[in-house]
Amino acid sequence: MTSSLLPTYARAPIAFERGEGAWLTSTTGERFLDFGGGIAVASLGYSHPHLIKALHEQGDKLWHTSNLFQIPQAERLAERLTAVSFADFVFFTNSGAEAMEGVIKTARKYHAACGHPEKNRIITFQGAFHGRTLATIAAAGNEKYLDGFEPRLPGFDNVPFGDLEAVKAAIKPETGAILIEPIQGEGGIRVVSPDFLQALRKLCDEQGLLLLLDEVQSGVGRSGKLFAYEWAGVEPDVMAIAKGIGGGFPLGAFMATREAAKGMVVGTHGSTYGGNPLATSIGNAVLDIVLEPSFLAHVEATGVLLQQRLVALRERHPEVIAELRGAGLMRGIKVTLPVADFAAAARAEKLLVIPAGDNVVRLLPPLIIGEEEVDGAIERLDAACAALKARINANSSSLLSGAAE
Ligand SMILES: *Cc1c(COP(=O)(O)O)cnc(C)c1O
């Protein structure tokens with residue numbers, strides 16, 4: 001198919017026309033159970049009446065004003081986010097990468113404001129993903145994403161995942177912060193242990209470093225807690241969120257304590273669109289639902305149910321499923337064959353899943369799913385595994401072809 005879109009994606013040969021709950025209908029009228037959620041974005045599924053109402057109500061009134069004026073919708077959303085988190089301040093962005101840029105800038109500015117502009121290096125972890133801007137690809141240190149985009153932004157020291165001794169060894173006089181995803185998403189749903197996060201917090205406190213979290217994927221209820229850092233009982237100094245907070249509308253944010261944000265004064269940062277009335281009205285509508293008293297308990301319980309069913313699935317298909325990972329409704333299935341083949345086999349069974357690094361397939365369903373959707377997904381995964389097993393058994397060297405994601 002010829003396309004005028006810059007060919008940076010290997011897109012699956014399918015387009016969608018409509019969505020409802022966890023279901024998507026293709027332009028050819030086929031229905032798919034979506035356990036990808038537009039990459040953890042459709043936190044409330046598709047066509048949620050409360051989000052549609054917010055979109056229409058604000059859409060009829062005013063979309064955009066710029067940040068040269070007061071934005072009551074943004075004020076309200078920021079106030080609500082600070083009330084339920086570690087943060088004292090919020091800056092709204094349009095994407096996760098922009099939110100991460102804000103996190104990095106806040107960390108550098110903090111040390112500059114403290115009289116130590118030289119403390120501008122940030123320790124990051126192998127397998128991380130922080131976005132596709134020049135700063136965020138340098139931060140993550142993934143050579144695949146850096147290739148050809150030299151010179152890379154200096155200031156990042158990438159260490160092995162989960163290796164506390166490597167972190168300690170990487171700390172120099174110029175180190176100002178440690179940046180980590182509490183659950184690596186793109187890297188393959190690698191969960192950072194609570195012990196490790198606690199150790200990082202302690203290290204940061206001892207060494208005068210800021211703890212920066214990237215919860216662009218794990219935040220806003222995805223892990224079964226509002227923010228994944230809650231599982232470890234530690235709080236960051238600065239954090240990025242995005243994906244789930246907009247429920248499909250482009251919205252992100254970085255959040256900081258008063259102390260960490262002390263350098264971010266008038267004129268130091270900005271965004272034309274960031275936090276506009278339309279985006280933040282929808283963010284408020286997402287929070288209306290996510291902050292309902294039973295919502296997170298439902299996510300956690302559904303996550304436990306999904307995990308139980310996945311464990312049984314793995315027992316039935318050990319030839320295909322090597323390992324299970326994750327928390328809440330952020331689950332990873334490490335497979336024995338190429339992830340693209342697994343995703344294609346699931347798609348053939350009308351289930352959408354998302355490939356990630358480390359040969360892991362991600363399940364990031366809407367947080368509103370219940371037992372019915374869990375059962376539907378497991379049935380489809382079962383059929384996909386059986387189909388893949390038949391291929392493995394037939395010793396076919398040509399697994400599902402041309403399915404690169
Ligand atoms: C998706 C993601 C980003 C980048 O978000 P964009 O909206 O694509 O810029 C950053 N960090 C993590 C952990 C992500 O999952």
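From a predicted model like this one, the values you see are computed outputs, not experimental measurements. All values below were derived from every heavy atom in this structure, side-chain atoms included, with hydrogens, water molecules and symmetry-related copies excluded. Counting starts at 1 for both ligands and their atoms, following the listed order.
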Original post:
Any side-chain heavy atom of Leu287 sitting closer than 4.5 Å to one from Ile245?
Top reply: yes
Subject >> Basic-acidic side-chain contact under 4.0 Å: Glu143, Arg152 >> reply: yes
**OP:** Let me know which of Val361, Val320, Leu310 forms a side chain to side chain contact (heavy atoms under 4.5 Å, CB included) with Leu381.
**Re:** Leu310
**OP:** Answer yes or no on whether Arg132 is positioned over the face of Tyr145, meaning its NZ or CZ is under 6.0 Å from the six-membered ring centre and within 45° of the axis.
**Re:** yes
**OP:** Compile the protein residues with any heavy atom at a distance under 4.0 Å from an atom of ligand 1; present them by chain, then by number.
**Re:** Ser95, Gly96, Ala97, Phe129, His130, Gly131, Glu181, Asp214, Val216, Gln217, Lys243
Subject >> Glu235 side chain near Arg201 side chain, heavy-atom distance below 4.5 Å >> reply: no
Subject >> Check: Phe196 ring centre within less than 6.0 Å of Phe125 ring centre >> reply: yes
